[in-house]
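As structure tokens, the structure follows; a few thoughts come after it.
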Amino acid sequence: MASGTTAGLSSQRPNGEKAPRHPTEGLCRYQSESETDIVPTSKSLSRLCSRDDEERAAALEQLTESVLICLGLDRPGSNRLSQKTLLHLLQLSLSCPLREVRERSTELLRAAQEQGVAVPRALASGPSAFIPAKQILMEGLDQDILIESFLSLGRVDHITMVMALHPAYLTCFLKTQHALLEMDGPLPRHWRHYIAVMAAARHHCSYLVQQHSTGFLEAGGEESWLSGLDQAPTKLRSLQTLNKLMAHRPWLITQQHIQALVCPGADPRWSLAELIHAIVVMAQAHSLCSFVWGCGLHPEPNHIGGFTFQPSSPSHVPRSPHSPAHEDGRQELVDGAMEVEVLMKRMVELQQQQEEECTQEEIITRFERERSESIPTAVVRGAPPDLVRRLVEEPEFRYEDFAPRGEHSPTTMRAQDYSWEDHGYSLVNRLLPDMGQHLDEKFQVVSNMTYHRMAMHEGVDTYTLRKALWNYIHCLYGIRYDDYDYGSVNVLLERSLKVFVKTMACHPEQTTARIYHDFWKHFRHSEKVHANLIVMEARLQAALLYTLRAITHYMR
């Protein structure tokens, strides 16, 4: 998802040519039928991301001059602004945290429109279909971290804007993404993005498929690979079994799956370092799909489905299908307030009972009760778009409830036997230096992050609620903590919250606005985003634990 620091860099195109260094090179050119546009990317516009104010101002002036030259020559047979250039200006006008860049991009689009150029407009207002844009701004985006993101990555995408409600988490998330996708490692950069594309396609997440496809092409990837998995190298296609298991049923992963990829004689053969890199990329992409779907993220303005060249109709503003109509808002406020009070009371009671110990038999019984509880989920969405469908093998392979009963069923994983802290962290760090540290920081930040408030209450200790969320997700994945009383899950997580969590963690592509709005009705949206982050990271760790355990067994 993330790109590296872009200042002063040039990109490599799939045909081997160097992309222009200058931010205005390639913005307009003569276009014949046999030629394709050279369009601005985050790298060819790198001077706009300079940390030097004067350099950035000069780049902005040159961008302006180049666009105006194009507009002056905008006639058949001459230079003209490309669609991708217009879309890039649209994205800058909507999301760039630097006011001067945002306002200038808006002015250039207006100037183009006045010259008769069909300019695009975003189909959505704000980054999320579930969270009103005004409320995101009201809850307070950290402008410093958004500016840092733009200067480092060349953009501020919808993921970043929503995560910016929690700056401490966003900082370590961006750091991990950069290390995983851009820094030195055993896999070439375009392979990393392609593996992320394969992973995102499992959850029909066209948002991430498009984002990583762009990263793949900018890193020098062959465009034909994106037309179908059969066009990719055999070595990448050999990850498909592991990819589908990690995405939907990681408890089925065994050392035989690892052996088939890394043992001598495997064709093609993965080294353990390459494989662990691919595994972390896949796990990160799968879990990020949960966040994208769980927050109802709109396509980016330059994504397919994110823009239109049709003018808006001021007389008709259609209601968003993502916005549920509530017939009795006042009653809902009352019910939501009562929900908060009940939850507060239950948290206090549980904290007072913490000294009481449960027997192992009671813990196992309560764990099984939570794991086997029937939680309904939404109707499966329709077929994914072509750009996603052609990148998925065995689309019918989906999540099924973890079921330890039966002759061929998997065994519950006891956290005491294989944990991230005691086993996974060191294995990742040994095979992919520093990545264990990056992942561990994310896990720690999201688990410990608290603002000591809950809905309208301040000074609240939310530890028991955060712990219940994390352990419930691991419970869904068949991971049991012998020192945790699973009765707390049933006390703290009411049914509508369980529906949201299970949908998001296990089949995020089925998340709907109603599922999002039905839980925690009196909570801030930032608190719901916090819950999303916990689901995302708990799911990531669960998938890693099963896969890393299989690697450990293979290495013995």
Side-chain angles (χ1 to χ4, degrees), residues 1 176-177 179-202 208 212-213 215-216 219-222 224-226 228-288 391-394 397 418 420 423-436 438-439 540-556:
M1 185 199 99
T176 303
Q177 285 287 89
L180 192 59
L181 296 170
E182 307 301 331
M183 292 182 68
D184 291 343
L187 293 178
R189 283 184 59 239
H190 65 295
W191 275 43
R192 305 178 203 187
H193 284 285
Y194 194 80
I195 290 168
V197 166
M198 291 165 51
R202 290 296 329 173
L208 288 179
H212 284 292
S213 293
F216 168 75
E222 292 288 340
S224 61
W225 295 12
L226 298 173
L229 290 172
D230 57 329
Q231 301 297 312
T234 305
K235 186 170 179 177
L236 282 172
R237 297 203 308 272
S238 70
L239 289 174
Q240 276 305 315
T241 297
L242 201 56
N243 181 29
K244 74 178 185 181
L245 290 176
M246 288 181 65
H248 308 299
R249 305 176 210 167
W251 50 85
L252 298 180
I253 297 171
T254 67
Q255 68 184 75
Q256 282 72 36
H257 293 111
I258 306 302
Q259 184 175 339
L261 294 168
V262 302
C263 74
D267 184 27
R269 184 183 180 188
W270 289 78
S271 70
L272 276 174
E274 289 174 330
L275 184 60
I276 200 71
H277 197 170
I279 283 168
V280 178
V281 169
M282 287 189 288
Q284 180 87 336
H286 293 149
S287 65
L288 196 52
L391 296 165
V392 180
E393 285 183 0
E394 295 185 66
F397 188 91
Y418 199 91
W420 169 256
H423 306 91
Y425 171 83
S426 57
L427 180 59
V428 172
N429 248 14
R430 177 160 36 126
L431 295 174
L432 195 61
D434 298 328
M435 185 50 63
H438 287 305
L439 292 170
L540 170 64
Q541 188 181 98
L544 283 178
L545 285 174
Y546 282 111
T547 315
L548 295 174
R549 183 179 66 171
I551 293 177
T552 300
H553 289 168
Y554 168 78
M555 293 172 67
R556 284 176 180 166

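Index from 1, following the sequence.
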Quiz item: Looking at NE2 of His212 and CG of Leu226, how far apart are the two atoms once the value is rounded to the nearest 0.5 Å?
Solution: 12.5 Å
Quiz item: What pair of heavy atoms forms the shortest contact from Ala285 to Ala199, and how long is it?
Solution: CB-CB, 3.6 Å
Exercise. Examine distances only and state if a side-chain atom of Trp270 and a backbone atom of Lys235 form a donor-acceptor pair shorter than 3.5 Å.
Key: yes
Quiz item: Distance-only, no hydrogens or angles: does the Glu274 side chain make a donor-acceptor pair with backbone N or O of Ser271 under 3.5 Å?
Solution: yes
Practice problem: Flag the pair Gln255 / Ile551 as yes when at least one side-chain heavy-atom distance between them is below 4.5 Å, and no otherwise. | Solution: no
Quiz item: Considering only heavy atoms from C-beta outward, does the side chain of Ile279 approach that of Leu239 to under 4.5 Å?
Solution: no
Self-check item: Short side-chain to backbone donor-acceptor contact, Arg202 and Phe397, under 3.5 Å
Solution: yes
Practice problem: Verify, without hydrogens or angle tests, whether His286 (side chain) and Val281 (backbone) share a donor-acceptor contact under 3.5 angstrom. | Solution: no
Quiz item: How many angstroms lie between CG in Asp230 and CZ in Arg237, if you round to the nearest 0.5 Å?
Solution: 7.0 Å
Quiz item: Hey, what do you get for CD (Gln541) to OG (Ser287), rounding to the nearest 0.5 Å?
Solution: 11.5 Å
Quiz item: With side chains defined as the heavy atoms from C-beta onward, is the minimum distance between Met555 and Leu272 less than 4.5 Å?
Solution: yes
Quiz prompt | Minimal non-hydrogen separation, Gly436 against Asn429, with atom names | solution = N-OD1, 2.8 Å
Practice problem: Check Met435 against Thr176 and note the closest heavy-atom contact, atom names and distance. | Solution: SD-CG2, 4.2 Å
Quiz item: How far does CG of Asp267 sit from CG of Leu261, to the nearest 0.5 angstrom?
Solution: 11.5 Å
Quiz item: Does one side chain, of Thr254 or Gln256, offer a donor that lies under 3.5 Å from an acceptor on the other?
Solution: yes
Quiz item: Does the side chain of Leu275 come within less than 4.5 Å of Leu242's, by heavy atoms?
Solution: yes
Quiz item: Which heavy atom of Pro186 sits nearest a heavy atom of Leu432, and at what distance?
Solution: CD-CD1, 3.6 Å
Quiz item: How many angstroms lie between CG in Asp184 and CG in Asp434, if you round to the nearest 0.5 Å?
Solution: 11.5 Å
Self-check item: Donor on one side chain, acceptor on other, Thr552 and Tyr418, under 3.5 Å
Solution: yes
Self-check item: Contact check, side chains of Leu245 and Pro250, non-hydrogen atoms, under 4.5 Å
Solution: no
Self-check item: Atom of Leu548, atom of Gly424 and distance for their closest heavy-atom approach
Solution: CD1-CA, 3.7 Å
Quiz item: Taking C-beta and beyond as the side chain, do Pro233 and Trp191 meet within less than 4.5 Å on heavy atoms?
Solution: yes
Quiz item: Given the rule in the side-chain contact (heavy atoms from CB on, under 4.5 Å) test, do Ile253 and Met246 qualify, once you have shown the distances and angles that lead to the verdict?
Solution: CA-CA 8 Å; Ile253 297 171; Met246 288 181 65; 3.6 Å; yes
Practice problem: Would you mind reporting whether His277 and Leu180 have side-chain heavy atoms less than 4.5 Å apart? | Solution: yes
Exercise. Compute whether any side-chain donor of one residue and acceptor of the other, for His193 and Glu182, lie under 3.5 angstrom apart.
Key: yes
Quiz prompt | Side-chain donor or acceptor of Arg192 paired with backbone N/O of Leu187 under 3.5 Å | solution = yes
Quiz item: What pair of heavy atoms forms the shortest contact from His257 to Leu252, and how long is it?
Solution: CE1-O, 3.4 Å
Quiz item: Counting only N and O atoms by type, is there a donor-acceptor contact under 3.5 Å from the side chain of Asn243 to the main-chain atoms of Met282?
Solution: no
Quiz item: Do Gln284 and Gln177 get their side chains close enough for a donor-acceptor pair, meaning under 3.5 Å?
Solution: yes
Self-check item: Aromatic ring proximity, centroids under 6.0 angstrom, His190 and Trp225
Solution: yes
Practice problem: Fit a plane to each ring of Trp420 and Tyr425, take the angle between them on a 0 to 90° scale, and name the class: parallel (under 30°), tilted (30 to 60°) or perpendicular (over 60°). | Solution: perpendicular
Self-check item: Side chain to side chain, Lys244 and Glu393, heavy atoms closer than 4.5 Å
Solution: no
